[in-house]
S.K.: 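So that we are looking at the same thing, I have put the structure below in structure tokens.
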Amino acid sequence: MKKTKKLDGSLILSVLGIVAFAYLFFGFMLLPCLNTLTSIFTTTNSAGEATPFAVIRFFLAGNMPRYVWNSLKLALCLIVTVNVVGISIVLLTEYFDIKGARILRLGYMTTMIYSGVALVTGYMFLYANDGILTTLLTNAFPNMNANWFTGFNAVLFTMTFACTSNHALFLRNAIRGIDYNTVEAARNLGASPFKVLRQVVFPTLIPTIFSLTVMIFITGLCAMSAPTLLGYDSINPEIVRLAGSSTADEAFPQARAALLSIILAFFTIVLLTVLTAYERKGHYLSVSKTKAKLQKQKINNPVANVLAHIYAYVLWIVYMTPVVMIVIFSFQTYSAIRMKKLDLSNWTLINYFGKQDYSYMTSRGTYKVREGSISGVFSNEATLGGIKLSFILSVVAAALACVIVVVACNYIFKNKGKKRSIAMEYALLFPWLLPTILICYSYRIYFNSNDVWYVFGQNLYYGENVRLLLIIAYTVVKLPFSLRMIKASFYAIDEELEDAAKNLGSGRLRTFMKVKLPTILPSVLAVFALNFNSLFTEYDMSATFASSYGTTYAMVIQAMCREEGLYGYNVNASGRRCASTVFIMVVSGIVLYLVYGAGARDLAERLEIKEKRRKRWGKLTSVFRRGGANAEKAALKQEGT
């Protein structure tokens, strides 16, 4: 008998999904980037004649190599500084026996709850020419240069501490996975703690450190918020500037921006190729028949022990000072914030809620009143609008990335080993080959026209359409990360459950919804939360698509102090910026707790916590019962008397 293939709903959805995926890949990944590449060689001179190599000649003769060198210099220096600080904070909290390690760990991980433009503005609040610490130093040393926190040194200092969050996550897990039996064996053979660290521990951490180094290099190469706010000429800020320029201002700016974007892409592809080749080699592993949990090592040398504690707490102060100062000053008045003087007797919530009028003296000696010029985060229309827009865009993009990847992973696992599934996986990883700025710049140029047939002649950069373009860019950029995380969760699905569902007559779609999705749902929700967390305060893409209809929360934060006090408007912009940073910390902290705190607990831990809560509740209710019984006895005794 011939088997006829049943044309059910899942098959139709599969065909439609493949067509939609092909449409999205070619239209929103491949074609815009190819258009950027070809624009370098299709430039024309003033006579309208094509000059294919004009941009390259301009690059060699102009200032563009300086931007490339500045980005390379920053990336190379960050490799050293971030690895030194990142490895040291993990060793101090996870490997060596340092007093107060839990408090130190919380301080070192503060960069996980605020990053990007919020972190940079936090450091500027302390170290800028009118910052708190700079003001104290200039008062103590009048000859000191108040503008010391600008340029390369300021960017290097800020990004050194901003980029250690990956070490706090990944390297910490790698150290916790080391088998203590190998460390103890080396100690029994007479090796000193530092020799064990150098010859036993570090070789097992090399793959993780190498991966982190590549991430650091790419982060430094593609830095955007820190160079923009701290005045350092690097590639990404220059690309954004050129993208907003025209031929009337300077020679072929769009082609120059495209060339800089391609240079970034070249560096990224080379790095990923080197990383892939390195991962094919063998690495040291720390294993034994009975793996033991790593125990912290004591530093026996008293001098080294004291120096390690001093170094640990100095780093903790550097990490914690911006956080503490921002939180405190977010409850201060605008005058205290502007003068950078803490007034503990005058606390206010105006930076968060409510409005106040502001009166000031004009040049003619008369007083003017600006109604509502002093406003809080949740009372200011611009700030509240940026929060709402970023929240909606981030939620939609994070959800879209998860939905696309879940459907794609289901297709990949069903067609494991086939060419079409491999092609789909590589297509989803394609955005990792390109810098974010290249993808966004390509979108801005390609879709800023009414002649793009792929989107039916719609100008996606015009008016409110730019919000759709932002959602697409957010989604595309988050696809590779979502794929790596969600794909791992698909390996936890028991194939026997799927076979059992099929034997019971369940279709593909019903099996997926009732069997597979509940299994991977915790991982999907975790990826959604992390995507939202990073997109909510995203700056690089927002700056590329900057317009009156696409002003996200990060752009609002950046513009706060630039317009502060101008003609009596936005008087407390600095205070509102502090309150905005605190709000970002709270949101990010809640998300991280849900993902890495409560969400990361296994069943045994949850049952243990539930039992502890039950015992606490039992003790609390027993106290009330005893109190009630004693009161009842006293009442009966008094009544009897």
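Only this structure's heavy atoms are used, side chains among them; waters, hydrogens and symmetry mates stay out. Predicted model only: the values in this text are computed from it and were never measured.
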S.K.: When you measure from the side chain of N70 to the backbone of S234, do you find a donor-acceptor pair of N or O atoms at a distance under 3.5 Å?
M.R.: no

S.K.: Is the backbone N or O of I235 less than 3.5 Å from a side-chain atom of S71, with the two atoms forming a donor-acceptor pair by type?
M.R.: yes

S.K.: Mind running side chain to side chain donor-acceptor pair (under 3.5 Å) on Y443 and T544 for me, showing each step along the way?
M.R.: CA-CA 10 Å; Y443 282 6; T544 309; over 6 Å; no

S.K.: Closest approach of P237 and T228, non-hydrogen atoms and distance?
M.R.: CG-OG1, 3.5 Å

S.K.: Please name the pair of heavy atoms, one in A554 and one in E538, separated by the smallest distance, quoted to 0.1 Å.
M.R.: CB-O, 3.2 Å

S.K.: Is the closest side-chain heavy-atom distance between F25 and F430 below 4.5 Å?
M.R.: yes

S.K.: Drop me the distance from L31's CG to T36's OG1, to the nearest 0.5 angstrom.
M.R.: 11.0 Å

S.K.: Under a 3.5 Å distance rule, please check whether S588 uses its side chain to pair with a backbone N or O of I113 as donor and acceptor.
M.R.: yes

S.K.: Please tell me if the side chains of S165 and M109 come closer than 4.5 Å, counting only heavy atoms from C-beta onward.
M.R.: no

S.K.: Are the aromatic rings of Y446 and Y454 close, with centres under 6.0 Å apart?
M.R.: no

S.K.: Between T383 and S580, which heavy-atom pair has the shortest distance, and what is it?
M.R.: CG2-OG, 4.1 Å

S.K.: Can you tell me if Y462 has over 12 outside heavy atoms packed within less than 6.0 Å of its OH?
M.R.: no

S.K.: For the residue pair V395 and F528, establish whether any side-chain heavy-atom pair is separated by less than 4.5 Å.
M.R.: yes

S.K.: Any donor-acceptor pair under 3.5 Å linking the side chain of R467 with the backbone of Y549?
M.R.: yes

S.K.: After noting the C-alpha distance and the side-chain angles of S542 and Y474, does the key distance pass the side chain to side chain donor-acceptor pair (under 3.5 Å) rule?
M.R.: CA-CA 10 Å; S542 302; Y474 283 178; 3.3 Å; yes

S.K.: Under the side-chain contact (heavy atoms from CB on, under 4.5 Å) criterion, do N410 and V406 qualify, and how do the steps go?
M.R.: CA-CA 6 Å; N410 184 55; V406 166; 5.7 Å; no

S.K.: Do side-chain atoms of N465 reach the backbone of N459 as a donor and acceptor pair under 3.5 angstrom?
M.R.: yes

S.K.: Would Y411 and F21 count as a ring pair (Phe, Tyr, Trp, His ring centres under 6.0 Å) if you check the C-alpha gap in whole Å, the side-chain angles of each, and the deciding distance to 0.1 Å?
M.R.: CA-CA 12 Å; Y411 181 84; F21 183 82; 8.9 Å; no

S.K.: Taking atom CD1 of I445 and atom OH of Y461, what is their separation to the nearest 0.5 Å?
M.R.: 8.5 Å

S.K.: Any side-chain heavy atom of L205 within less than 4.5 Å of one from I87?
M.R.: no

S.K.: Counting only heavy atoms not in F391, do more than 12 sit closer than 6.0 Å to its CZ atom?
M.R.: no

S.K.: CE/M159 to CG/L78 distance, rounded to the nearest 0.5 angstrom?
M.R.: 5.0 Å

S.K.: Just so I know, are the side chains of D540 and I437 near enough to count as touching, which here means a heavy-atom distance under 4.5 Å?
M.R.: no

S.K.: Please say whether more than 12 non-hydrogen atoms of neighbouring residues, nucleotides or ligands are located less than 6.0 Å from NZ in K388.
M.R.: no

S.K.: Which atom pair, heavy atoms only, marks the closest approach of L119 to A162?
M.R.: CD2-CB, 3.6 Å

S.K.: Could you grab the distance from atom CZ of F217 to atom SG of C77, nearest 0.5 Å is fine?
M.R.: 11.0 Å

S.K.: side-chain contact (heavy atoms from CB on, under 4.5 Å) between E238 and M64: does it pass, once the steps are laid out?
M.R.: CA-CA 9 Å; E238 179 65 7; M64 292 174 67; 5.8 Å; no

S.K.: Which heavy atom in Y441 sits nearest to a heavy atom in A255, and how many Å separate them?
M.R.: OH-N, 4.4 Å

S.K.: Would you check, one step at a time, whether the test side-chain contact (heavy atoms from CB on, under 4.5 Å) holds for L389 with Y553?
M.R.: CA-CA 7 Å; L389 180 62; Y553 193 22; over 6 Å; no

S.K.: Taking the side chain as every heavy atom from C-beta outward, state whether L535 and M541 have any pair of such atoms under 4.5 Å apart.
M.R.: yes

S.K.: Of all the heavy-atom pairs spanning L434 and A265, show the shortest one and how long it is.
M.R.: CD2-CB, 3.9 Å

S.K.: Mark yes or no for whether N533, through its side chain, and A529, through its backbone, hold a donor-acceptor pair below 3.5 Å.
M.R.: no

S.K.: Is a side-chain N or O of S421 found less than 3.5 angstrom from the main chain of N415, in a donor-acceptor match?
M.R.: yes

S.K.: I'd like to know whether V240 forms a side-chain contact (heavy atoms from CB on, under 4.5 Å) with M224, so could you lay out the CA-CA distance, the side-chain angles of the two residues, the decisive distance to 0.1 Å, and finally the verdict.
M.R.: CA-CA 9 Å; V240 174; M224 179 70 181; 3.1 Å; yes

S.K.: Would a 4.5 Å heavy-atom cut-off, applied to side chains only, mark N166 and T219 as touching?
M.R.: no

S.K.: Tell me if the aromatic rings of F28 and F447 count as close, with their centers under 6.0 Å from one another.
M.R.: yes

S.K.: Can you tell me how far SG of C402 sits from CG of L530, rounded to the nearest 0.5 angstrom?
M.R.: 9.5 Å

S.K.: For N531, does its backbone N or O pair with a side-chain atom of S534 as donor and acceptor, under 3.5 Å?
M.R.: yes

S.K.: Find the distance between CZ (F536) and CD1 (I387) and round it off to the nearest 0.5 Å.
M.R.: 6.0 Å

S.K.: Is there a side-chain contact between L260 and L242, using heavy atoms and a 4.5 Å cut-off?
M.R.: yes

